[in-house]
Amino acid sequence: MRLTGFELRRIAMPLVTPFRTSFGVEYERDVLLVRAVTPDADGWGECVAMSAPRYSAEYVDGAAEVIRRFLVPAVAGLSTVDAHAVEPVFARFKGHPMAKAAVQTAVLDAQLRSAGTSLGGFLGAVRDAVPAGVSVGIMDSIPALLAAVESYLASGYLRIKLKIEPGWDVAPVRAVRERFGDEILLQVDANTAYTLADARHLAGLDPFGLLLIEQPLAEDDVRGHAQLARLIRTPVCLDESITSARAAADAIALGACAIVNIKPGRVGGYLEARRIHDVCAAHGVPVWAGGMLETGLGRAANVALAALPFFVLPGDTSASDRYYARDITSPFVLENGHVRVPTGPGLGVSPDIDALAAVTTATEWIRLQ
Ligand code: OSB
Ligand code: MG
């Protein structure tokens with residue numbers, strides 16, 4: 001494939017409701033989009049870095065800088081460009097998986113659109129729709145939380161994930177169980193807010209039959225997660241700690257996780273995400289698709305990935321209207337609690353020109369030849 005250049009486009013997407021986690025509150029999603037332009041087709045990649053380095057070390061301005069300064073020149077040096085070819089040249093730069101994933105996905109999308117192949121087909125999808133869960137932020141009160149959960153259940157979401165932090169953990173879980181019963185699929189996500197010293201407190205979640213507790217301890221505390229897993233009954237799931245297929249294999253070998261959340265941005269792209277799926281499948285460790293409040297472009301790709309065989313738990317693959325009043329693509333909608341996997345070439349969705357223009361705050365064109 002011959003590339004004409006890359007467009008870096010910054011957009012500001014107001015969230016329909018503030019999203020609060022143990023690491024901060026988000027009112028607006030600050031997104032960097034990468035467009036790979038070729039004579040045949042344009043490809044899109046959504047960078048999932050957030051405006052500040054609170055979820056992981058990356059942040060949007062830093063990702064844009066790494067892309068323009070290191071990743072694009074590395075692509076320019078290749079004689080043939082495709083998603084597999086960019087991976088080893090990006091690997092020479094340490095870290096920055098979200099920046100790498102955005103560029104690799106843009107290249108992959110362009111390549112698949114030219115070939116007329118869907119991303120789901122390329123990755124090995126086996127489903128035409130995937131079950132949708134929803135991630136519910138930390139609220140100001142239990143009644144506010146119960147109202148939010150009630151409306152998500154009424155929309156058809158098949159699994160509820162509660163964001164937790166010290167001071168907002170056992171009580172909200174108990175309240176949701178008391179109000180909505182033991183039947184609903186319920187899990188929690190701490191985004192690294194605890195330490196191993198909190199093990200006894202976290203064991204207080206044991207009676208509530210949670211599917212999993214996601215990333216209770218620090219990103220680099222894999223051994224701590226293995227120790228915690230022996231002290232609580234809720235299965236431990238890792239998000240932040242799983243930075244590669246090797247990290248997944250290590251965490252599984254150490255007994256640090258019984259379940260894995262897969263986010264392509266966190267691991268450098270969809271090729272590595274698929275390898276993590278394969279490693280987990282080989283070990284019988286269930287996986288599910290995480291989310292980073294993506295627009296329709298990133299969502300399309302996540303939904304395609306979630307259609308692989310070993311994605312056995314509902315993902316954070318919610319409908320567009322859970323996040324945005326107006327998405328930049330045709331919106332993803334819930335149908336019986338499921339989101340349909342796009343079937344068109346590449347991501348299978350394209351940005352709406354007017355919707356995109358309305359949220360664009362900056363554009364930058366980098367010509368390659
Ligand atoms: O930890 O899964 C997370 C959003 C931003 C950063 C980290 C996380 C999340 C979510 C939301 O939980 C998932 C989604 O609906 O996109
Ligand atoms: Mg998480």
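Remember, it's 1-based here, ligands and their atoms both numbered in the order they're listed.
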*N, O or S from Asp239 under 2.8 Å to the Mg ion (ligand 2)*: yes

_Heavy atom of the protein closest to atom 4 (C) of ligand 1 (residue, atom name, distance)_ = Phe19 CE2, 3.6 Å

_Using a 3.5 Å cut-off on N or O atoms only, is Arg299 in polar contact with ligand 1?_
no

*Does ligand 1 have an atom that lies less than 4.0 angstrom from a heavy atom of Arg322?*
no

*Can you tell me if Ser241 and Gln215 form a side-chain donor-acceptor pair at under 3.5 Å?*
yes

_With heavy-atom distances below 4.0 Å as the criterion, list the atoms of ligand 1 near Ser135._
10 (C), 11 (C), 12 (O), 13 (C)

*According to the interplanar angle, ranging from 0 to 90°, do the rings of Tyr157 and Tyr152 count as parallel (below 30°), tilted (30 to 60°) or perpendicular (above 60°)?*
perpendicular

*asked:* Assess, by modelled atom type and distance only, whether the side chains of Asp109 and Tyr270 contain a donor and an acceptor separated by less than 3.5 Å.
replied: no

_Pair Lys100 + Glu58, salt bridge at N-O below 4.0 Å_ = no

*Please indicate whether Asp128 has more than 12 foreign heavy atoms, meaning atoms of other residues, nucleotides or ligands, lying under 6.0 Å from its CG.*
no

*Nearest to atom 9 (C) of ligand 1, what protein heavy atom do you find, and at what distance?*
Gly291 O, 3.6 Å

*asked:* Checking the N or O distance criterion of under 3.5 Å, is ligand 1 in contact with Asn191?
replied: yes

_Residue Phe23 vicinity, atoms of ligand 1 by number, heavy atom under 4.0 Å_ = 6 (C)

*Give a yes/no verdict on whether any heavy atom in Lys163 is under 4.0 Å from an atom of ligand 1.*
yes

*Hey, what's the angle at the Mg ion (ligand 2) spanning OE2 (Glu214) and OD2 (Asp189), nearest 10 degrees?*
90°

*What do you reckon, is CZ of Arg177 surrounded by more than 12 foreign heavy atoms closer than 6.0 Å?*
yes

*With atom 2 (O) of ligand 1 as the reference point, say which of Lys263, Glu240, Arg54, Met292 has the nearest heavy atom.*
Lys263

*Over 12 foreign heavy atoms within 6.0 Å of CZ, Arg275*: yes

_Assess, by modelled atom type and distance only, whether the side chains of Ser320 and Asp327 contain a donor and an acceptor separated by less than 3.5 Å._
yes

*Of the protein's non-hydrogen atoms, which lies at the shortest distance from atom 14 (C) of ligand 1, and what is that distance?*
Tyr323 OH, 3.3 Å

*Side chain, backbone, both or neither: which part of Asp189 comes within less than 4.0 Å of ligand 1 when only heavy atoms are counted?*
side chain

*Quick one: which of Asp239, Thr317, Leu293 has a heavy atom closest to atom 16 (O) of ligand 1?*
Leu293

*Do Arg159's NZ or CZ and the ring of Trp288 fall within the cation-pi criteria of under 6.0 Å and 45°?*
yes

*If you count the atoms of ligand 1 from 1 in the order shown, which ones are under 4.0 Å from a heavy atom of Glu214?*
2 (O)

_Less than 6.0 angstrom from the centroid, inside 45 degrees of the normal: does Arg274 satisfy that with respect to the ring of Phe122?_
yes

